[in-house]
Amino acid sequence: MLYVQVMPTIKVEKQSPLNPAESFKRISNLLSNDPALRKLDAKYSCEFNEQDLTGTAGGSMFKAKMAIHPDAVGSKVEITVDLPFHLSLVKSMVESTLKKKLEEALA
């Protein structure tokens with residue numbers, strides 16, 4: 001019998017009145033410099049593609065993808081986080097923290 005463990009995934013979307021370039025700047029700054037994110041995982045690192053308005057972040061405990069899309073009223077921020085199966089119990093806490101951080105960064 002074959003067992004496949006599916007990683008719990010969190011997808012957070014946030015509308016922003018900011019233009020896509022400004023949203024990208026703020027979110028990439030948040031992901032690069034937030035001390036709480038750095039404390040979560042010693043192997044935490046980020047990579048960004050300013051031209052495509054995308055980025056990735058990750059470490060030994062999670063992987064995340066970010067994309068900023070132009071929108072009629074500004075931009076739309078999408079962040080998708082894949083957690084290891086053993087962290088599925090903290091999925092809602094991670095999601096609420098991420099939403100709060102996005103709200104602060106885009107205010």
Side-chain angles (χ1 to χ4, degrees):
M1 194 177 285
L2 177 64
Y3 290 98
V4 177
Q5 285 189 334
V6 177
M7 294 180 84
T9 299
I10 299 166
K11 185 171 184 177
V12 176
E13 297 179 345
K14 172 83 176 126
Q15 288 294 135
S16 172
L18 302 171
N19 67 55
E22 182 63 23
S23 289
F24 177 82
K25 179 180 165 187
R26 291 185 184 196
I27 299 304
S28 58
N29 184 46
L30 166 74
L31 293 175
S32 295
N33 300 312
D34 188 82
L37 292 174
R38 298 235 168 251
K39 276 195 325 192
L40 289 175
D41 194 326
K43 295 183 179 183
Y44 179 78
S45 66
C46 303
E47 289 185 30
F48 300 103
N49 183 327
E50 192 170 354
Q51 186 175 4
D52 293 341
L53 302 177
T54 61
T56 59
S60 60
M61 298 180 58
F62 70 95
K63 296 193 184 320
K65 292 185 274 184
M66 171 196 73
I68 312 290
H69 304 286
D71 192 79
V73 295
S75 57
K76 183 169 104 175
V77 177
E78 293 180 3
I79 297 181
T80 305
V81 180
D82 293 325
L83 296 171
F85 187 72
H86 68 277
L87 291 179
S88 61
L89 294 175
V90 296
K91 180 180 173 184
S92 62
M93 183 187 71
V94 172
E95 185 174 10
S96 66
T97 301
L98 185 55
K99 285 180 181 180
K100 179 181 168 191
K101 297 248 181 221
L102 283 177
E103 192 73 38
E104 292 170 3
L106 298 171

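Clustering ILVMFWY residues whenever any of their side-chain heavy atoms sit less than 4.5 angstrom apart, transitively, puts Met93 in the very cluster that holds Leu102.
Within 6.0 Å of CD in Glu104 there are more than 12 heavy atoms belonging to other residues, nucleotides or ligands. A 6.0 Å sphere centred on CD of Glu47 holds no more than 12 heavy atoms belonging to other residues, nucleotides or ligands.
Using a 4.5 Å heavy-atom cutoff, the side chains of Ser23 and Leu106 are in contact. The shortest distance between side-chain heavy atoms of Lys76 and Lys14 does not fall below 4.5 Å. Residues Phe24 and Asp52 are not in side-chain contact: their nearest non-hydrogen atoms beyond the backbone lie 4.5 Å or more apart. Proximity of Thr54 to Met66: side-chain heavy atoms (C-beta onward) are nowhere separated by under 4.5 Å. Within the 4.5 Å cutoff, side-chain heavy atoms of Ile79 are placed close to those of Ile27. Looking only at side-chain heavy atoms (C-beta outward), Glu13 and Val77 stay at 4.5 Å or farther from each other.
With respect to Glu103 and Lys101, no salt bridge is recorded, no charged nitrogen being found less than 4.0 Å from a carboxylate O.
The side-chain contact (heavy atoms from CB on, under 4.5 Å) test applied to Lys25 returns Glu22, not counting sequence neighbours. Considering only residues two or more places apart in sequence or on other chains, Ile10 meets the side-chain contact (heavy atoms from CB on, under 4.5 Å) condition with Val12, Val81, Leu83, Lys91, Val94, Glu95.
The distance from atom OG1 of Thr9 to atom NZ of Lys65, rounded to the nearest 0.5 Å, is 8.5 Å.
Nearest heavy atoms, Phe48 versus Ser32: CE1-OG, 3.1 Å. Minimum interatomic distance between Ser75 and Leu18 (heavy atoms only, all atoms of both residues): OG-O, 2.9 Å. In this structure, Ala57 and Cys46 approach most closely via the heavy-atom pair CB-SG, 4.0 Å.
Asn33 places a side-chain N or O within 3.5 Å of a backbone atom of Asn29 that can act as its donor or acceptor partner. Judged by distance alone, with hydrogens and angles left aside, the side-chain atoms of Arg26 form a donor-acceptor pair with the main-chain N or O of Ala107 at under 3.5 Å.
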